[in-house]
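Let me begin by presenting the structure, written as structure tokens, before commenting on it.
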Amino acid sequence: MVEFRFDIRPLFTQPIVKVTSNLLPHTFRGDRRQCLDATSKMSEIIDRLGQLSANAQKLNTPVTTAQRLRMSENQTIYLLADINQGNNGAVIGLLKVGTKDLYLFDETGQTRKVENTPCILDFYIHESRQRAGLGKDLFETMLADEKWTPIKCSVDRPSEKLLGFLKKHYSLVRTIPQANNFVLYEGFFDDGSSSA
Ligand code: ACO
């Protein structure tokens with residue numbers, strides 16, 4: 001679990017909060033001074049969790065940083081916390097999603113341009129809490145909030161653990177080969193997604 005020198009509980013008025021480019025929890029209400037304080041603390045949380053995720057995936061550079069989120073137009077980070085941990089609460093995991101315009105191969109090998117493709121970009125649950133269903137809770141919250149279905153999600157460089165997760169919870173197994181780093185599952189193109 002990831003603890004901080006400050007109390008995270010004012011930022012986590014619920015176990016899962018959503019953060020976009022303003023670097024504030026979606027539940028946040030406060031004046032300008034409180035806003036500055038919250039964005040600075042949220043940046044620290046995002047940078048730390050992003051670094052831990054990179055370490056877990058053996059990446060040299062984190063996929064997730066506060067600076068990247070600040071510059072993004074259509075990315076969202078869902079953060080999961082345990083406010084009862086220690087004196088200051090602890091952050092347990094992160095899920096970053098977004099939409100991208102991608103050129104993708106369909107099942108027949110034809111190239112299609114798919115606009116606003118839902119993408120799973122980064123996903124991490126702290127080592128001490130993995131395999132307890134918390135990743136599923138975070139993922140389900142994201143799906144409901146974004147109004148996405150798992151089969152319509154592209155996944156950026158999934159790890160073996162994430163492939164196992166998608167198989168276990170959503171029976172996603174059969175992939176459609178791509179030329180880029182994204183993994184798509186059979187059924188992605190069903191129901192007439194846009195093509196060019
Ligand atoms: N080894 C193999 N599979 C695992 C492991 C593990 N250590 N941990 C989770 N899984 C998969 C398995 O399918 C597992 O089911 P099982 O226990 O019956 O085998 C299933 O996930 C468990 O589901 P949850 O408990 O809901 O998932 P969890 O809370 O562990 O979160 C996550 C899943 C985010 C993949 C987590 O394991 C993790 O942070 N892993 C390290 C970082 C990582 O690989 N992130 C994905 C990077 S790729 C990307 O983000 C696009």
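Atoms within a ligand are numbered from 1 in the order they appear, just like the ligands themselves. This structure is a prediction, so every number in the text was calculated from the model and none was measured.
- Between His169 and ligand 1 there is a heavy-atom distance shorter than 4.0 Å.
- Using a 4.0 Å cut-off between heavy atoms, Asp156 contacts ligand 1 through its backbone alone, with no side-chain atom that close.
- Under the 4.0 Å distance rule, the nearest protein heavy atom to atom 33 (C) of ligand 1 falls inside the cut-off.
- The side-chain heavy atoms of Thr76 and Lys96, taken from C-beta on, include no pair separated by under 4.5 Å.
- Looking only at side-chain heavy atoms (C-beta outward), Pro15 and Ile83 stay at 4.5 Å or farther from each other.
- When only non-hydrogen protein atoms are considered, atom 31 (O) of ligand 1 lies nearest to Ile125 CG1, 3.5 Å.
- Of all the atoms in ligand 1, the ones that sit under 4.0 Å from a non-hydrogen atom of Arg157 are 48 (S).
- Asp7 is not listed as a side-chain neighbour of Asn87, based on a closest heavy-atom distance of 4.5 Å or more.
- When heavy-atom distances to ligand 1 are checked against a 4.0 Å cut-off, Lys168 comes that close only through its side chain, counted from C-beta outward.
- Contact annotation: for Ala132 versus ligand 1, heavy atoms closer than 4.0 Å belong to the backbone alone.
- In terms of polar-atom proximity, defined here as any N/O pair under 3.5 Å, Phe123 does make such a contact with ligand 1.
- Residues Asp37 and Lys41 are paired through a salt bridge, judged by an N-O separation under 4.0 Å between the basic side chain and the carboxylate.
- If you check the side chains of Asp47 and Gln67, you find no donor sitting under 3.5 Å from an acceptor.
- Distance check: Leu172 CG to Leu184 CG gives 11.0 Å after rounding to the nearest 0.5 Å.
- A side-chain donor-acceptor contact under 3.5 Å links Glu146 and Tyr78.
- Side-chain contact check for Val2 versus Leu49: some heavy-atom pair is nearer than 4.5 Å.
- For the residue pair Gly187 and Glu107, the shortest heavy atom distance occurs at N-OE2, 3.4 Å.
- In terms of protein heavy atoms, atom 28 (P) of ligand 1 is closest to Arg131 N, 3.7 Å.
- Considering both main-chain and side-chain atoms, Lys136 comes within under 3.5 Å of ligand 1 through a nitrogen or oxygen pair.
- Salt bridge status for Lys100 with Asp156: absent, with no side-chain N to carboxylate O gap under 4.0 Å.
- At under 3.5 Å, not a single nitrogen or oxygen of Val155, backbone or side chain, sits near a nitrogen or oxygen of ligand 1.
- In this structure, the protein non-hydrogen atom closest to atom 38 (C) of ligand 1 is Gln130 NE2, 3.4 Å.
- Atom numbering of ligand 1 starts at 1 in the shown order; those under 4.0 Å from a heavy atom of Ile120 are 51 (C).
- When only non-hydrogen protein atoms are considered, atom 49 (C) of ligand 1 lies nearest to Leu162 CD2, 3.5 Å.
- Within the structure, the closest approach of Pro158 to ligand 1 falls below 4.0 Å when heavy atoms are considered.
- You'll find the ring centres of Tyr170 and Tyr185 outside the 6.0 Å limit.
- Contacts of Glu160 with ligand 1, taken as heavy-atom pairs under 4.0 Å, are absent altogether.
- Proximity of a side-chain donor or acceptor of Ser43 to a complementary backbone N or O of Thr39 within less than 3.5 Å is detected.
- Between Arg5 and Glu44 there is a salt bridge, since at least one side-chain N of the basic residue sits less than 4.0 Å from a carboxylate O of the acidic one.
- Distance from atom 11 (C) of ligand 1 to its nearest protein heavy atom, with residue and atom name: Lys161 O, 3.5 Å.
- Every atom of ligand 1 is numbered from 1 in the order shown, and the set under 4.0 Å from a heavy atom of Tyr124 is 39 (O).
- Nearest to atom 27 (O) of ligand 1 among the protein's heavy atoms is Phe165 CD1, 3.5 Å.
- Remark: among candidates Gly133, Gly135, Cys119, the nearest residue to atom 25 (O) of ligand 1 is Gly133, based on non-hydrogen atoms.
- The ligand atoms of ligand 1 that sit less than 4.0 angstrom from a heavy atom of Gly164 are 13 (O).
- Of all the atoms in ligand 1, the ones that sit under 4.0 Å from a non-hydrogen atom of Ser159 are 43 (C), 44 (O), 45 (N), 46 (C), 47 (C), 48 (S).
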